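Structure first, commentary second.
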Amino acid sequence: MGGTFDPIHIGHLVAADEARCQFRLDKVVFVPSARPPHKTGVRHSPAADRLQMVRIAIRGNPFLDVSDVELKREGLSYTIDTLRHLREVHGASVELFFITGADAILEILTWKDPDELLAESAFIAATRPGFPLASLRDALPEKTSKGADALDNVYSMEIPALAISSTDIRERAASGRPYRYMVPEGVWEYIEASGLYLKGEPRGDG
Ligand code: NAP
């Protein structure tokens, strides 16, 4: 499951759990991105904070895991590099599903090596309620480079809890409005103790 997770929130966890159940996944691995390729001008909170918040959020759930592979890699966080890494580690027979927000998947054709991406892994687009699914279909090629129907490998999953968003949580934390129950308790404590999103605090490492 890819994203910046700045911060991880209940919507991400509900989406991970739903995907695990719907697609009978053995495990969902959160992969915080270090430098998302499409957002080179955007600054994120330090990688160490985002990683720690994910660790806190998934604590106690044996079906959830976190990988720092993108945080350790130099340069931009291309999904294809992550999928190749996962293939190398887990072997050719493992079935991979890349889960992320539908807005990101809409732009998949502009990602690095889109043909290989669509051939290498299935994709699960987590949508907020009301998301126009037709736009997802329009954004995909008809065939992958291996000749398969691209749509056969891209799934969507409506997650009402994704009405919660990281942007809104950051704004709430910065302006003293409530967000406590939008994140796991430990993540709320972490944000409060660190002052991560307080206005005027230096933002992180992009
Ligand atoms: P982002 O800035 O964190 O999120 C964009 C939108 O999608 C936000 O509305 C976000 O909501 C939602 N979202 C993000 N991750 C989600 C998740 N796991 N489940 C549900 N909703 C999620 O992320 P991004 O930069 O668009 O990238 C998303 C993923 O796609 C990352 O893993 C990134 O590396 C990958 N990507 C790869 C390429 C490439 O390989 N060239 C290009 C673009 C993106 P919240 O803010 O509430 O999370």
Side-chain angles (χ1 to χ4, degrees), residues 1-20 22-23 25 28-45 47 49-51 53-54 57-58 64-73 75-86 96-131 135-136 139 154-173 179 182-184 187 191 197 203-204 206:
M1 183 175 219
T4 43
F5 304 117
D6 192 12
I8 187 166
H9 55 65
I10 297 292
H12 297 132
L13 292 164
V14 170
D17 209 29
E18 185 62 32
R20 187 181 69 78
Q22 264 191 42
F23 298 90
L25 311 178
V28 177
V29 183
F30 287 82
V31 185
S33 48
R35 288 160 289 274
H38 287 41
K39 300 192 179 150
T40 43
V42 180
R43 291 183 70 73
H44 303 288
S45 299
D49 288 312
R50 294 185 286 116
L51 183 66
M53 289 190 283
V54 174
I58 66 173
L64 303 181
D65 207 344
V66 60
S67 164
D68 60 0
V69 61
E70 293 195 359
L71 301 177
K72 279 190 182 151
R73 208 162 56 213
L76 299 177
S77 308
Y78 292 115
T79 298
I80 190 65
D81 296 334
T82 302
L83 293 174
R84 284 176 189 145
H85 165 84
L86 291 171
L96 295 175
F97 291 74
F98 187 79
I99 313 163
T100 194
D103 288 343
I105 291 187
L106 276 182
E107 295 178 359
I108 201 164
L109 286 182
T110 67
W111 294 12
K112 187 178 165 199
D113 299 337
D115 277 352
E116 190 185 339
L117 268 177
L118 286 164
E120 189 62 55
S121 171
F123 284 77
I124 303 176
T127 68
R128 300 196 149 100
F131 180 87
S135 61
L136 197 57
V154 180
Y155 306 91
S156 64
M157 198 177 58
E158 189 177 282
I159 306 292
L162 281 176
I164 297 172
S165 89
S166 300
T167 307
D168 182 42
I169 291 169
R170 291 196 301 274
E171 286 169 6
R172 283 170 175 270
Y179 66 96
M182 297 176 172
V183 295
V187 172
I191 296 170
Y197 300 121
R203 295 288 281 162

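Order of appearance sets the numbers: ligands from 1, and atoms from 1 within every ligand. We use all heavy atoms of the structure for the numbers below, so side chains are in, but hydrogens, waters and symmetry mates are not. Small disclaimer: the values here were computed from a predicted structure and weren't measured.
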Distance filter under 4.0 Å to [X] heavy atoms, resulting ligand 1 atoms:
| X | answer |
| --- | --- |
| Lys112 | 41 (N) |
| Ser77 | 34 (O) |
| Ala104 | 26 (O), 28 (C) |
| Phe5 | 18 (N) |
| Arg128 | 9 (O), 11 (O), 45 (P), 47 (O) |
| Ser33 | 34 (O) |

Got an N/O contact under 3.5 Å between [X] and ligand 1?
| X | value |
| --- | --- |
| Ser165 | no |
| His9 | yes |
| Thr167 | no |
| Thr4 | yes |
| His12 | yes |
| Ser166 | yes |
| Met1 | no |

Exercise. For the residue pair Asp168 and Tyr179, confirm or rule out a side-chain donor-acceptor distance under 3.5 Å.
Key: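 Asp168 vs Tyr179: no donor-acceptor pair found between side chains.
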Exercise. Return the option from Leu162, Ile105, Asp168, Leu83 holding the heavy atom at the smallest distance from atom 20 (C) of ligand 1.
Key: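 It is Leu162 that holds the nearest heavy atom.
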Self-check item: Pick from Gly3, Pro32, Gly101: the one approaching atom 16 (C) of ligand 1 most closely through a non-hydrogen atom
Solution: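 The nearest heavy atom belongs to Gly101.
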What is the closest protein heavy atom to [atom], and at what distance does it sit?
| atom | value |
| --- | --- |
| atom 38 (C) of ligand 1 | Trp111 CD2, 3.4 Å |
| atom 28 (C) of ligand 1 | Thr100 OG1, 3.3 Å |
| atom 23 (O) of ligand 1 | Lys39 NZ, 3.9 Å |
| atom 37 (C) of ligand 1 | Thr79 OG1, 3.1 Å |
| atom 18 (N) of ligand 1 | Gly2 O, 3.0 Å |

I'd like to check [X] versus [Y] (side-chain heavy atoms, cut-off strictly below 4.5 Å). Are they in contact?
| X | Y | result |
| --- | --- | --- |
| Asp17 | Val28 | no |
| His12 | Val54 | no |
| Phe123 | Thr100 | no |

Practice problem: From the options Leu83, Thr79, Ile80, select the one residue that forms a side-chain contact (heavy atoms from CB on, under 4.5 Å) with Asp113. | Solution: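 With Asp113 as partner, Leu83, Thr79, Ile80 yield a single side-chain contact (heavy atoms from CB on, under 4.5 Å), made by Ile80.
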Quiz item: Which pair of non-hydrogen atoms, one from Ile8 and one from Met53, has the smallest distance, and what is that distance?
Solution: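 So the minimum-distance heavy-atom pair works out to CG2-O, 3.6 Å.
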Report the distance from atom [atom1] of [X] to atom [atom2] of [Y], rounding to the nearest 0.5 Å.
| X | Y | atom1 | atom2 | value |
| --- | --- | --- | --- | --- |
| Met1 | Arg20 | CE | CZ | 13.0 Å |
| Ile10 | Met182 | CD1 | CE | 10.5 Å |
| Ile159 | Ile164 | CD1 | CD1 | 11.5 Å |
| Glu18 | Leu25 | CD | CG | 11.0 Å |

Quiz item: Using 30° and 60° as the class limits, which term best fits the ring planes of Phe23 and Phe97: parallel, tilted or perpendicular?
Solution: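 The arrangement is tilted - the two ring planes meet at 30° to 60°.
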Any donor and acceptor pair, going by atom type alone, linking the side chain of [X] with main-chain N or O of [Y] inside 3.5 Å?
| X | Y | value |
| --- | --- | --- |
| Arg73 | Ala34 | no |
| Ser45 | Arg50 | no |
| Ser166 | Pro7 | yes |

Quiz item: Applying a 4.0 Å heavy-atom criterion (strictly less than), which segment of Arg170 is in contact with ligand 1: side chain, backbone, both, or neither?
Solution: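 Looking at Arg170 and ligand 1, no heavy atom falls under 4.0 Å.
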Exercise. Give a yes/no on ligand 1: does Glu107 have at least one heavy atom closer than 4.0 angstrom to it?
Key: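 Outside the 4.0 Å threshold, so no.
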Practice problem: Please confirm whether Phe98 comes under 4.0 Å of ligand 1, counting heavy atoms of the residue only. | Solution: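 True for this residue.
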Quiz item: Would you say atom 6 (C) of ligand 1 touches the protein, meaning some protein heavy atom is under 4.0 Å from it?
Solution: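 No, because not a single protein heavy atom sits under 4.0 Å from atom 6 (C) of ligand 1.
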